[in-house]
Amino acid sequence: MLSDQNAETVNRLGIRNESHEEGTFAYGVPHPGVILVDSEGTIVLKRSEEKYSTRPDMDELLVALTEEFGDGEETESEGEGE
């Protein structure tokens, strides 16, 4: 959970739903989505949807992660010498 009363974090991440004006009840509401941050604090994957009723597709996220980081399985040569 994130408490972000002034929408500072939502704005910094670029996920604020801009159809809600500042001062309105819904100002600062983000688009639904997924943000993956690595151990260094770098955003490595960001997916969002326009409508609150739509969520990023899990299969698409897994494909994107696999393309970015591989399938997580080490080959024999990768695991040697550690």
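Note that the structure is a prediction, hence the values are computed from the model and not measured.
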### Query
In Å and rounded to the nearest 0.5 Å, what is the CZ to CD1 distance from Arg12 to Ile43?
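So the CZ of Arg12 and the CD1 of Ile43 are separated by 10.0 Å.
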### Message
Assess the residue pair Ile15 and Lys46 against the criterion (side-chain contact (heavy atoms from CB on, under 4.5 Å)); give the C-alpha distance rounded to whole Å, side-chain angles, the decisive distance to 0.1 Å, and a yes or no.
### Response
CA-CA 9 Å; Ile15 58 173; Lys46 182 168 86 170; 4.1 Å; yes
#### Entry: Verify same cluster id: Val29, Val10 (apolar side-chain graph, 4.5 Å)
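They do not share one cluster, since no chain of ILVMFWY contacts under 4.5 Å joins Val29 to Val10.
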### Task
Please name all residues satisfying side-chain contact (heavy atoms from CB on, under 4.5 Å) with Val63, sequence neighbours left out, ordered by chain then number.
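Scan of Val63 (side-chain contact (heavy atoms from CB on, under 4.5 Å), adjacent residues dropped) gives Glu67.
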### Residue list, side-chain contact (heavy atoms from CB on, under 4.5 Å) with Asp38, at least two apart or on another chain
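Glu40, Thr42, Val44.
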What side-chain donor-acceptor pairs closer than 3.5 Å can you find for residues 18-28, not counting sequence neighbours?
unit_1, atom_1, unit_2, atom_2, d
Ser19, OG, Asn17, OD1, 2.6
Thr24, OG1, Glu21, O, 2.6

### Task
Please report the shortest heavy-atom distance between Arg16 and Asn11, naming the atom on each side.
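Taking Arg16 first and Asn11 second, the nearest heavy atoms are NE-OD1, 2.5 Å.
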### Message
Taking the side chain as everything from C-beta on, heavy atoms only, tell me whether Ile35 gets closer than 4.5 Å to Leu45.
### Response
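Side chain of Ile35 against side chain of Leu45, heavy atoms only: no contact under 4.5 Å found.
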